[in-house]
Amino acid sequence: MLSRSPFLHFLTLLLFKQKSKHLGIMSISVVMIALVSAVLFISSSLQQTLQDTLDEQADFTVTRIEAGRPVSTPLAWADRIIEIEGVSQVAPRIHGRYFYAPREESFLVVGIDFFDEQGSKALESLVKGIDLKQFFAEESMIVGEGVKAFLQKHYYKDTFSFKTPRGQFKKVKIYEVLPGSLNLLANDMIIMPIGLAREIFGLKEDEVTDITFNVPNDAEWDNVIGKLHLVDYEIRVVEKREVEKAYENLYNYKGGIFLILYIIALLTLMLILYQRYAMVYSHERKEIGILRAVGWSIRDILKLKFYETMILVMSSFVIGTVAAYGYVFVLGAPILIEIFLGGANLENQVQMIPEVSFGTLGSLFLLYAVPFFAAVLIPSWRVAVIPPKEAMR
Amino acid sequence: MIRIEDVGKRFGEGENLFEALKSITLEVEEGECVILSGISGSGKSTLLSLIAALDRPSSGKIVVEGELVSKLPDLHASAYRAKTIGVIFQHFNLIESLSVEENVIVPLINSGLDMPAIRKMAEQSMQRASILHKASQDVASLSGGEKQRCAIARALVNDPKVILCDEPTANLDRENSLRFIDTIQKLNQAGKTIVIATHDPLFEALPFESRVIHMADGMIGKHGE
């Protein structure tokens with residue numbers, strides 16, 4: 001078919017024979033598209049992972065503060081909170097950062113109550129096939145991949161000794177390692193029985209670090225917040241939506257991404273404009289003049305340039321996005337992921353879950369393709385409308 | 001037949017106004033070979049480009065094969081250049097990145113013919129211009145004479161009634177110039193109307209019937225008389 005259609009034949013001929021002319025601009029385009037697409041893929045994937053995790057979190061978390069400083073929360077608050085109309089699934093928690101001074105690193109220690117149905121279920125969903133009874137009986141812990149790697153690096157193979165506030169060492173066995181798919185949030189996490197966590201943090205029997213609960217009716221949220229402040233004036237309430245916003249600010253980088261997109265699109269435009277104008281006023285200008293002189297109309301010239309540009313735009317976009325997909329979801333986005341997880345505590349091998357926002361990709365395509373087409377077609381048209389004799393000069 | 005009536009061509013305006021052609025009137029009969037001779041800047045190439053509809057006259061009219069080419073809209077002017085005339089340029093004006101055959105097929109790409117038909121016509125044209133043996137060679141690697149023959153093949157590929165040559169031997173040695181004259185003679189004998197703009201003395205006494213028209217200062221006549 002290609003060999004029978006003169007126009008397609010000539011189009012492919014020009015693209016192939018003048019490949020050096022197109023390769024430069026195409027390479028730059030592919031790199032830019034790949035870079036922006038990779039950023040979008042990473043961002044989408046991280047956001048999706050975070051969203052999935054946050055969906056499982058409680059609507060509210062309360063802690064006690066003294067003079068603006070968080071301190072241990074009285075367990076008795078749980079009984080008062082559960083009495084508030086509309087509140088459900090109240091769960092006292094013990095969690096906090098354990099600082100490992102010799103290496104200036106910290107782990108997130110989470111204490112789980114064996115008798116707390118919600119906590120046990122969450123743990124079972126995290127570690128498939130776990131024998132909860134044995135786990136709670138053994139004074140052991142489940143650690144994130146980052147913790148496991150860190151401990152091994154420092155010669156703690158199967159156990160780790162926590163230093164309690166009383167100066168004693170508490171040896172805890174590593175029972176299991178959390179799956180790598182949870183690394184985004186659980187890389188530096190240590191899950192242990194609540195009693196053990198209480199001992200490590202030096203908390204009393206009637207103290208916890210915070211209390212979580214749900215309010216299924218969104219409309220009641222503001223009322224519940226009002227009533228919570230009657231429980232104790234030293235209460236600090238953290239809503240899930242606030243956490244979501246904080247994560248959004250951390251990973252979405254909305255403004256930053258769009259700024260990058262804008263700058264790249266602008267750079268592309270400038271670069272293409274420069275390249276095209278430079279060519280149109282020399283070699284390409286003459287070529288258009290020759291085509292016009294041998295009988296090509298303005299419409300024929302623009303048709304040729306349109307299809308030529310379409311092939312370049314489409315191929316560089318497809319190559320760029322496929323390369324970005326492979327880089328992010330197959331190779332795990334080396335280097336670039338550090339920009340997103342730069343503030344992470346332990347070295348984190350995050351597994352990117354494939355998540356593509358086609359709307360954003362579409363916007364990226366438009367931002368890239370429209371200036372590209374304009375930068376080619378407008379100068380070509382300007383040359384095509386002048387007398388061929390002048391264009392060939 | 002080509003009829004040129006009171007044609008003028010001006011470039012620039014005000015103090016920069018330059019009259020390249022001043023009230024030219026000329027008729028070229030069908031099958032005739034006309035040589036427009038004159039020194040550089042006499043207006044012969046400008047007149048040729050107006051006949052080829054590569055530019056428009058500032059005044060007057062040009063009729064070629066019954067078509068008023070001086071006022072053709074773009075689509076019609078393109079069709080006129082594609083079907084009625086074949087132009088051979090001084091600097092050949094070939095697409096350097098393409099081969100001889102690929103350059104020759106360019107005027108037929110939008111003709112509505114399919115590729116086998118186009119290839120056949122290109123082959124015949126290259127045969128006539130004695131360049132068929134270099135069909136697959138890139139134009140950039142050809143000698144001046146070979147480029148000239150490639151340009152001739154391209155001008156002939158659509159079998160035009162009128163062939164216009166602008167300084168065709170300016171970049172050729174004597175041997176290639178004589179070879180070109182030989183080709184032109186054959187085309188003229190085949191009934192083509194030929195107009196050649198040149199200052200090469202070789203064209204003053206061609207070995208076949210031709211009419212020499214002297215141009216100077218944008219006018220016809222030995223000293224613009």
Side-chain angles (χ1 to χ4, degrees), chain A residues 1-25 279-280 282-308 312 377 380-393, chain B residues 9 11 45-46 48-50 52-56 73-99 101-119 122 138-140 151 154-155 157-158 160 164 166:
Chain A
M1 191 249 171
L2 195 67
S3 63
R4 292 190 75 84
S5 163
F7 181 78
L8 284 178
H9 173 85
F10 191 66
L11 178 67
T12 47
L13 197 68
L14 276 186
L15 282 169
F16 181 73
K17 291 262 181 161
Q18 301 178 344
K19 54 183 178 294
S20 57
K21 183 178 88 179
H22 303 300
L23 271 177
I25 194 82
M279 281 161 56
V280 159
S282 54
H283 168 76
E284 198 147 318
R285 180 187 167 104
K286 189 176 179 185
E287 193 176 292
I288 291 172
I290 293 170
L291 293 176
R292 294 277 290 128
V294 299
W296 284 51
S297 65
I298 297 169
R299 199 177 60 187
D300 296 330
I301 301 280
L302 292 181
K303 185 179 157 194
L304 179 75
K305 293 291 162 194
F306 177 83
Y307 282 105
E308 192 180 272
L312 290 176
L377 293 182
S380 299
W381 171 78
R382 286 180 64 182
V383 174
V385 295
I386 62 173
K389 192 185 166 192
E390 203 179 311
M392 285 189 293
R393 197 171 287 152
Chain B
K9 178 66 182 175
F11 294 102
S45 290
T46 305
L48 209 69
S49 67
L50 297 183
L54 294 173
D55 207 348
R56 288 186 183 197
D74 175 65
L75 267 177
H76 290 82
S78 302
Y80 161 75
R81 286 194 293 267
K83 289 173 187 161
T84 312
I85 60 158
V87 187
I88 298 161
F89 301 96
Q90 178 183 350
H91 298 293
F92 317 125
N93 284 334
L94 300 166
I95 300 175
E96 296 278 315
S97 55
L98 302 183
S99 70
E101 188 192 19
E102 288 154 4
N103 264 283
V104 173
I105 66 168
V106 169
L108 300 176
I109 294 298
N110 301 300
S111 62
L113 297 167
D114 61 12
M115 272 316 285
I118 289 174
R119 283 213 172 92
D138 277 352
V139 160
R154 186 182 63 184
V157 76
N158 51 8
L164 307 169
D166 185 12

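Chain naming here is simple, since letters A, B, ... match the order of the sequence lines and numbering starts at 1 in each.
- Ranked by heavy-atom pairs under 4.5 Å with chain B, the first of A:Ile298, A:Val385, A:Ile386 is A:Ile298.
- In this structure, chain B has a heavy atom under 4.5 Å from the side chain of A:Ile290, while its backbone stays farther away.
- B:Leu113 and B:Ile118 make their closest contact through O-CD1, 3.7 Å (heavy atoms, listed as atom of the first residue, atom of the second, distance).
- Neither the backbone nor the side chain of B:Arg56 comes within contact range of chain A, judged by heavy atoms closer than 4.5 Å.
- With a 4.5 angstrom heavy-atom cutoff, B:Ile85 does not touch chain A via any of its atoms.
- Chain A forms the most heavy-atom pairs under 4.5 Å with one residue out of B:Pro107, B:Ala155, B:Gly86, B:Ser78, and that residue is B:Ser78.
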Pair B:Leu98-A:Glu287, side chain to side chain contact (heavy atoms under 4.5 Å, CB included): steps then yes or no: CA-CA 11 Å; B:Leu98 302 183; A:Glu287 193 176 292; over 6 Å; no
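- In this structure, chain A has no heavy atom under 4.5 Å from any part of B:Tyr80.
- Between A:Tyr307 and A:Phe7, the ring planes lie perpendicular to each other; the angle is over 60°, past the 30° to 60° tilted range.
- Highest contact tally toward chain B, considering only A:Gly289, A:Ala391, A:Ala293, is held by A:Ala293 [criterion: heavy-atom pairs under 4.5 Å].
- Neither the backbone nor the side chain of B:Asn158 comes within less than 4.5 Å of any heavy atom of chain A.
- The closest donor-acceptor contact from the side chain of B:Arg81 to the backbone of B:Ala53 lies under 3.5 Å.
- The CG atom of B:Asn103 lies 8.0 Å from the OG atom of B:Ser97; values are rounded to the nearest 0.5 Å.
- Using a 4.5 Å cut-off between heavy atoms, B:Asp55 contacts chain A through both its backbone and its side chain.
- Judged by distance alone, the side chain of A:Arg292 and the main-chain N or O of A:Pro387 form no donor-acceptor pair under 3.5 Å.
- With respect to the salt-bridge test (charged N to carboxylate O, under 4.0 angstrom), the residues A:Arg299 and B:Asp74 do not qualify.
- Heavy atoms closer than 4.5 Å to chain A are found in both the backbone and the side chain of B:Thr46.
- For the pair A:Lys303 and A:Phe306, the NZ or CZ position fails the cation-pi test of under 6.0 Å to the six-membered ring centre and within 45 degrees of the ring normal.
- Both the backbone and the side chain of B:Ser99 come within contact range of chain A, each with at least one heavy atom under 4.5 Å from a heavy atom of that chain.
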